[in-house]
Undergrad: 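This structure is in structure tokens; I'll ask about it shortly.
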Amino acid sequence: KILGLYLMLLSVSLVSCNDDCNEGDKATPASFFVEIIDETTGENVFENETYTLQQITIQDLDEASIPYEFIENTNLIQIFPPVVNPTGNSFLIKLNNETTMQMDEINVNYDVSSKKEECFTTFKIENILFPNNGSELVEAVFVVKI
């Protein structure tokens, strides 16, 4: 009987032992911010109503959707690209205004780095390039000209 109690206490102590990781601890998803401006006027294409947020499509080269958030008060797009491959990643930002028949595609290339943390792995999007568009990094936002 004492041996049974001892084994039960030992198993409870093993089950309650953990590695200091909380179930709610998760890495912030890797992302970056893009502002799209008219190359001629320098205006944000969502502020000047060339495009609306409903006219944005972001897809990989196999046309699978890439998650993103449109931030209305700043007219920026926060993009959450896949982090599976460390190098050679690409996707397209497609803007299509069917009313004015204006359409733009922005090709994006990027790499991914990873860092193993105690409870999870963090990913960082790096070497972001817009090979067919002029762009610059301004206060952590990629400003892309179309």
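Throughout, residue positions are numbered sequentially from 1 according to the sequence presented. Note that the structure is a prediction, hence the values are computed from the model and not measured. Side chains included, hydrogens not; waters and symmetry mates left out as well; all remaining heavy atoms used.
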Undergrad: Do other residues, nucleotides or ligands put more than 12 heavy atoms under 6.0 Å from the CD atom of Glu117?
TA: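 Counting other residues, nucleotides and ligands, CD of Glu117 exceeds 12 neighbours.
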Undergrad: Should Ile146 and Leu137 be counted in the same cluster of Ile, Leu, Val, Met, Phe, Trp and Tyr side chains packed under 4.5 Å apart?
TA: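 Ile146 and Leu137: one cluster.
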Undergrad: Which class fits the ring pair Tyr110 and Phe32: parallel under 30°, tilted 30 to 60°, perpendicular over 60°?
TA: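 Tyr110 vs Phe32 ring planes: tilted.
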Undergrad: Quick check for you: to the nearest 0.5 Å, what is the distance between Ile37 atom CD1 and Ser135 atom OG?
TA: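 Answer for the CD1-OG pair, Ile37 versus Ser135, is 10.0 Å.
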Undergrad: Hey, could you give me the CZ/OG distance between Phe123 and Ser114, rounded to the nearest 0.5 Å?
TA: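 Those atoms lie 5.5 Å apart.
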Undergrad: To the closest 0.5 Å, what do you measure between OG1 (Thr41) and NZ (Lys145)?
TA: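 Separation between the atoms: 11.5 Å.
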Undergrad: Inspect the surroundings of CD in Glu126 and state if more than 12 heavy atoms from other residues, nucleotides or ligands are less than 6.0 Å away.
TA: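 Enclosed: over 12 neighbouring heavy atoms sit under 6.0 Å from CD of Glu126.
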Undergrad: Using residues 94-109 as the side-chain source, report each donor-acceptor pair under 3.5 Å to any protein atom, sequence neighbours left out, with the distance given to one decimal.
TA:
{"unit_1": "Lys94", "atom_1": "NZ", "unit_2": "Gln59", "atom_2": "OE1", "d": "2.9"}
{"unit_1": "Asn97", "atom_1": "OD1", "unit_2": "Gln55", "atom_2": "NE2", "d": "3.4"}
{"unit_1": "Asn97", "atom_1": "OD1", "unit_2": "Thr99", "atom_2": "N", "d": "3.0"}
{"unit_1": "Asn97", "atom_1": "OD1", "unit_2": "Thr100", "atom_2": "N", "d": "3.1"}
{"unit_1": "Asn97", "atom_1": "ND2", "unit_2": "Thr50", "atom_2": "O", "d": "2.9"}
{"unit_1": "Asn97", "atom_1": "ND2", "unit_2": "Thr100", "atom_2": "OG1", "d": "3.4"}
{"unit_1": "Thr100", "atom_1": "OG1", "unit_2": "Gln102", "atom_2": "N", "d": "3.4"}
{"unit_1": "Gln102", "atom_1": "NE2", "unit_2": "Asp104", "atom_2": "OD2", "d": "3.4"}
{"unit_1": "Asp104", "atom_1": "OD2", "unit_2": "Tyr51", "atom_2": "OH", "d": "2.5"}
{"unit_1": "Asn109", "atom_1": "OD1", "unit_2": "Ser90", "atom_2": "OG", "d": "2.7"}

Undergrad: Could you grab the distance from atom CZ of Phe46 to atom OG1 of Thr52, nearest 0.5 Å is fine?
TA: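 One gets 8.0 Å once the value is rounded to the nearest 0.5 Å.
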Undergrad: Count I, L, V, M, F, W, Y as connected when their side-chain heavy atoms are under 4.5 Å apart, and connections chain through other members. Are Tyr68 and Phe142 then in the same cluster?
TA: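 Shared cluster, yes.
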Undergrad: Using modelled atom types only, decide if a donor and an acceptor are shared between the side chain of Asp111 and the backbone of Ile125 within a distance under 3.5 Å.
TA: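 Checked: no pair found.
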Undergrad: Could you tell me whether a side-chain N or O of Asp62 sits under 3.5 Å from a main-chain N or O of Ala64, the two making a donor and an acceptor?
TA: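 No, the answer is negative, given that no donor and acceptor are paired below the 3.5 Å cut-off.
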Undergrad: Could you please spell out the steps behind the side chain to side chain contact (heavy atoms under 4.5 Å, CB included) verdict for Phe33 and Thr74?
TA: CA-CA 11 Å; Phe33 294 88; Thr74 57; over 6 Å; no
Undergrad: Quick check on side chain to side chain contact (heavy atoms under 4.5 Å, CB included): which of Val45, Ile71, Val138, Val143 does Glu35 satisfy it with?
TA: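 One option only clears the test, and that one is Val143.
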Undergrad: Hey, any chance Ile36 and Ile66 share a hydrophobic cluster, counting ILVMFWY side chains that come within less than 4.5 Å of each other, even indirectly?
TA: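 Hydrophobic grouping puts Ile36 with Ile66.
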Undergrad: Going hydrophobic residue to hydrophobic residue with side-chain gaps under 4.5 angstrom, can you get from Val144 over to Ile128?
TA: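 Val144 clusters together with Ile128.
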Undergrad: Would a distance-only check, ignoring hydrogens and angles, find a side-chain to backbone donor-acceptor pair under 3.5 Å from Asn75 to Asn44?
TA: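 Side chain of Asn75 to backbone of Asn44: no pair is present.
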Undergrad: Nearest 0.5 Å, please: how far is CD1 in Ile93 from CD1 in Ile56?
TA: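 Those atoms lie 8.5 Å apart.
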Undergrad: Apply the hydrophobic cluster definition, ILVMFWY joined by side-chain contacts under 4.5 Å directly or through others, and give me every member besides Leu61.
TA: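 Result for Leu61 is Leu92.
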Undergrad: Indicate if Ile58 and Leu53 have the same hydrophobic cluster label, given that clusters are the connected sets of ILVMFWY residues with side-chain heavy-atom separations under 4.5 angstrom.
TA: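 Yes, Ile58 connects to Leu53 through the hydrophobic network.
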Undergrad: Give, for atom CZ of Phe120 and atom NZ of Lys115, the distance between the pair rounded to the nearest 0.5 Å.
TA: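 Answer for the CZ-NZ pair, Phe120 versus Lys115, is 10.0 Å.
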Undergrad: Please name the pair of heavy atoms, one in Ser31 and one in Pro81, separated by the smallest distance, quoted to 0.1 Å.
TA: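 In terms of heavy atoms, the two residues are closest at CA-CD, 4.4 Å.
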